[in-house]
Amino acid sequence: MVFSSVNFLYYFLPLLLIVYFAVPSRAKNLVLFVFSIAFYFYGEPLYTVLLIGASLSGYVHGRLIDYYRGTPRAKGFLISSIVVGIGLLGFFKYANFFIENINVIFDSQLGLLRVILPIGISFYTFQVLSYTIDVYRGEVAVHRNALDFMTYVALFPQLIAGPIVRYETIEHQLKGRTHSFSDLYYGIRRFAVGLGKKVLIANTLAEVVVHFNHADQASILFYWLAAIAFMLQIYYDFSGYSDMAIGLGRMFGFRFPENFNYPYVAKSVTEFWRRWHISLGMWFRRYVYIPLGGNRVNVLKLLRNILIVWFLTGFWHGAAWNFIVWGVLYGVLLLFEKLVLKENISRIPVPLRHGYVLFVVLIGFVLFNAGSLSEGLENIQGMFGLLGVPLATGESIYYLRSYGVVILLACIGSTPLIANTVKGLRNHAFMIRLSDYLEPAAYVFLIVMVTANLVDGSFNPFIYFRF
Amino acid sequence: MKTPFKHIAVPVVFIGFLLLGMAVNIITPARELSEVERRPLIQFPSWSFDTLFDSEYYASLEKYALDQFVLRDRMRSINAHTRRHLFFQRDVNDIYLIDDHILSMEYPLNESSIIHAGTLIETIIDNHLNGHDIHYGVIPDKNYFVAPQNGYPHIDYRHMIELLHAHIEGAEYIDLKDTIELDDFFRTDHHLRQDGLINMRSVLFEHLGINPPDAPHRIHHEHAGFKGSYYGQAALPVNKDTIRLLSNDMIDAMHAYDPTSGETVDIYDLEALNGIDPYNVFFGGQHAIRRIENPNATNDEDLVIFGDSYSTALAPLLAEGYRSLTLIDLRFVSHETLDQHIDFTDQTVLFLYSVPILNDSYMLS
């Protein structure tokens, strides 16, 4: 099930809210667990077993690590939990990638596996791993209640597209949390904004990419238009999903970590990755980069550490070479900023720094969105007029005009401008009084517009589901 | 600390709205079909133990919920307004408005489809029409008249005709593009109004060597409130159309039937005007073969038209110039079986297709 669906909005969510707030506190995790499993089952009936299995594996490994703490067996069970987690991910997500590459390298004819990538496996696997590693490190106490632990792993708001919520973050909230009208208010506000970002903006921008893919004739303008539209689409899609997840979590008393912080206003690639998919960056930093030695090592090891982390970041996003190149590209850029530009980057005029970040992110997402590495490189060539296509065609001009306003709105919305304006207005007493009446109406109006959009069309895939 | 008013108001209103939506959707009975979209709506998928682990089942539940959502047409209208007036999009789902006319973008040109159509016509000529007087024409769609001037993507009409010419050798081309203009089409539908076909009829008669009878037409029937196929797709407020059916004493005396069954059919099936697609008024809808016999014909010529739904409105008007007119729709009958129903002797033959059909000609066989 996806948040931006009629069945979620008009059946699942209201039903869950009624049941959740009707039962006593001790039953709330059970309600969340049952509804979360139903949420997942609706989209992936068969793979629900995998989700439950991964949760149980995390729980059992955590208990075993704790039981054998201080003995070599604890390390053995940690390794076992990693092997199970990475093994599941490897089998379902990466097996066919390796088979394909073996076939190319050795000219063999190994058959591909008939497996479909289970929704959200990359997210819940990383959550389970974070738990067992933290238990082994002694950074979190082992969780003895299996149901509560499985509720953490399967918790529907962040189950399928993050943010990656480390166990430590919500450990205490799992055991006991408070609920209030204010939490509901902030949760609904965040959820509604995320829903609007996803359905009204991201889905509309996605149409530009579809038109580009079906274009009668390519043009330089169309290559750029599609690249910009996708860059905005993926931000609104993913950050909108994160907003919805954070908002839903808040409604049920959880405080999930932020996942985005206006990444497109970054002035360096380093800053960009502090603002984009923050929970993933933190995960790799905590569980890969720092264990490798972090940046307190010599230059060669720093090179190794950063390239490993960014190779893995790319590979996490998809089992294809374009994702790997995309990740490594960022590794190289981060190294460039860290080792070559250093503090000198602050001397470069701010507009140039913004331009540099936006340009490399744009090019990166062209690779990211391509069906293959060669397609990505071809699209980049097309953007720079290396494919002999015309500068513009009537078709590309038409779509620029047709989607220009949405793109402009999306550009403005990707900066803190609107949020700051709203924040400023909230400081006026009159606006505070007015917002008492405007806000409830605004969120209903927003959900009506979203529903209208959903009813009108069936195009509604979340980009990050494929990870 | 006191909870601010809106911290209570927002959850109450928002959750209340969702609950209301759930209740109304559950209570409201499922509709069988959407009249404005002219299609059956998805019904609740039947459940069995086998479907429990079938993700397709849950996907169909989602489709059901979307199809049966309360105020569905109003919702679609809200979306169309949002796209058009908030995002200033020039089309919504490829549908756009020019001067109160609703149009659907016909783009891009599907060259292989045009070649398929040309090759099929040539095959039919070779297999069935040796020695016949054969012509072909193309009926431009609405886009031809407005898309280029208004910056909408459009197919290269000249290139399309050249492609056809390159694949049809055994027939003479009749240029029809100047015989009609935008206002000859229904505003809410892709078809031409019958009273907008008079010029085309004259040009066709001229090329086919027929002296049209001197019998002016009168309005046989007028049906106001016609919502064409684009009306529902656009989901925007547009004036409805009026279907005007033309007749005269000669058309009144014509007899139409289905040669495959021998059944008599009405040239104007007035009951169809109250059906889901009032355009089915012509011969009661689209069928494989229809034949009109004109007892008051002033010659003994026969015409065979290979055409589509556009030809059904034109057929009674063209039948005035012939002893008989046979209308063949290759979407519903294969040319390979035509000899079972039609004796091709020395009829005049006209291949008359609209641009949308030519651009998607794999439905012709």
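The figures that follow rest on heavy atoms only: side chains count, while hydrogens, waters and symmetry mates do not.
Annotation: the span from B:I8 atom CD1 to A:F181 atom CZ amounts to 5.5 Å, rounded to 0.5 Å. In this structure, CG on A:L17 lies 8.0 Å from CG on B:L19, to the nearest 0.5 angstrom. Between the OH atom of A:Y11 and the CG atom of B:N25 there is a distance of 4.0 Å, given to the nearest 0.5 Å. Atoms CD1 and CD1, on A:I18 and B:I15 in that order, are 9.0 Å from each other to the nearest 0.5 Å. Interatomic distance, CZ of B:F69 versus CG of A:D456, reported as 13.0 Å (0.5 Å rounding). Of the inter-residue distances, the one linking B:L61 atom CG with A:M1 atom CE reads 9.0 Å to the nearest 0.5 angstrom.
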(message) Using the rule given for side-chain contact (heavy atoms from CB on, under 4.5 Å), can you reason through B:D94 versus A:H211, listing the C-alpha separation, both sets of side-chain angles and the distance that settles it, and then say yes or no?
(response) CA-CA 11 Å; B:D94 286 351; A:H211 289 308; 4.2 Å; yes
(request) Apply side-chain contact (heavy atoms from CB on, under 4.5 Å) to A:V448 and B:F17, showing your working. (result) CA-CA 10 Å; A:V448 168; B:F17 180 80; 3.6 Å; yes
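Of the two parts of B:L20, neither the backbone nor the side chain holds a non-hydrogen atom closer than 4.5 Å to a non-hydrogen atom of chain A. Proximity to chain B (any heavy atom under 4.5 Å) is restricted, for A:F191, to the side chain, taken from C-beta onward. In this structure, no portion of B:D73 lies under 4.5 Å from any heavy atom of chain A. Neither the backbone nor the side chain of A:I407 comes within less than 4.5 Å of any heavy atom of chain B. Looking at B:T82, only its side chain comes within 4.5 Å of chain A, counting heavy atoms on both sides. A:V450 does not touch chain B: none of its heavy atoms, backbone or side chain, sits under 4.5 Å away. Interface remark: A:T393 contributes no atoms to any contact with chain B (heavy atom separation under 4.5 Å). With a 4.5 angstrom heavy-atom cutoff, B:L71 does not touch chain A via any of its atoms. There is no contact between A:L438 and chain B, counting heavy-atom distances below 4.5 Å. Contacts of B:R83 with chain A are made by side-chain atoms alone, with heavy-atom separations under 4.5 Å and no backbone atom involved. For a residue to count as touching a neighbouring chain, one of its non-hydrogen atoms must lie under 4.5 Å from one of that chain's; by this rule A:L408 does not touch chain B. For a residue to count as touching a neighbouring chain, one of its non-hydrogen atoms must lie under 4.5 Å from one of that chain's; by this rule B:Y57 does not touch chain A. Neither the backbone nor the side chain of A:F8 comes within contact range of chain B, judged by heavy atoms closer than 4.5 Å.
Counting heavy-atom pairs under 4.5 Å between each of B:R72, B:M22, B:E62, B:H81 and chain A puts B:E62 at the top. Comparing A:M251, A:R401, A:M449, A:H214 by heavy-atom pairs within less than 4.5 Å of chain B, the highest count is held by A:R401. For the set B:Y107, B:Y64, B:F88, the entry with the most heavy-atom pairs within less than 4.5 Å of chain A is B:Y107. By number of non-hydrogen pairs under 4.5 angstrom with chain B, the leading residue of A:Y186, A:Y398, A:Y10 is A:Y398. Counting heavy-atom pairs under 4.5 Å between each of A:I397, A:N7, A:V405 and chain B puts A:N7 at the top.
Summarising the local packing, CZ of A:F445 is surrounded by 12 or fewer heavy atoms from other residues, nucleotides or ligands at distances under 6.0 Å. For B:E56, the CD atom counts as loosely surrounded, since its 6.0 Å shell holds 12 or fewer non-hydrogen atoms of other residues, nucleotides or ligands. Residue A:I116 places its CD1 atom among 12 or fewer non-hydrogen atoms of other residues, nucleotides or ligands, all under 6.0 Å distant. Within a 6.0 Å sphere centred on CZ of B:R31, other residues, nucleotides and ligands contribute more than 12 heavy atoms. Enclosure of atom NE2 in B:H165 by more than 12 non-hydrogen atoms of other residues, nucleotides or ligands within 6.0 angstrom is indicated. The number of heavy atoms from other shown groups lying within 6.0 Å of CG (A:N213) is above 12.
Shown here for A:V444 and B:V13, the closest heavy-atom pair between the two residues is CG2-CG1, 3.4 Å. Nearest heavy-atom pair, B:M75 versus A:A452, reported as atom, atom and distance to 0.1 Å: O-CB, 3.1 Å. Taking all atoms of both residues into account, the shortest heavy-atom contact from A:L454 to B:L66 is O-CD2, 3.3 Å. Across all their heavy atoms, B:R76 and A:V455 have their closest contact at CG-CG1, 4.2 Å. Heavy-atom minimum distance, B:L52 versus A:P45: O-CB, 4.0 Å.
Close placement of the B:F53 and A:F41 rings is indicated, their centers lying within 6.0 Å of each other. Aromatic ring centres of A:Y437 and B:F5: separated by under 6.0 Å. Checked against a 6.0 Å centroid threshold, the rings of A:Y42 and B:Y58 count as neighbours.
Between the side chain of B:Q89 and the backbone N or O of A:Y403 there is no donor-acceptor pair closer than 3.5 Å.
Within the 4.5 Å cutoff, side-chain heavy atoms of A:L409 are placed close to those of B:F87. Side-chain contact between B:T3 and A:S182 is present, with heavy atoms from C-beta onward closer than 4.5 Å. Inter-residue side-chain proximity for B:D91 and A:S402 is flagged as met; some heavy-atom pair is nearer than 4.5 Å.
Among residues 40-51 of chain B, no residue has any heavy atom closer than 4.5 Å to a heavy atom of chain A.
With respect to A:D436 and B:K6, no salt bridge is recorded, no charged nitrogen being found less than 4.0 Å from a carboxylate O.
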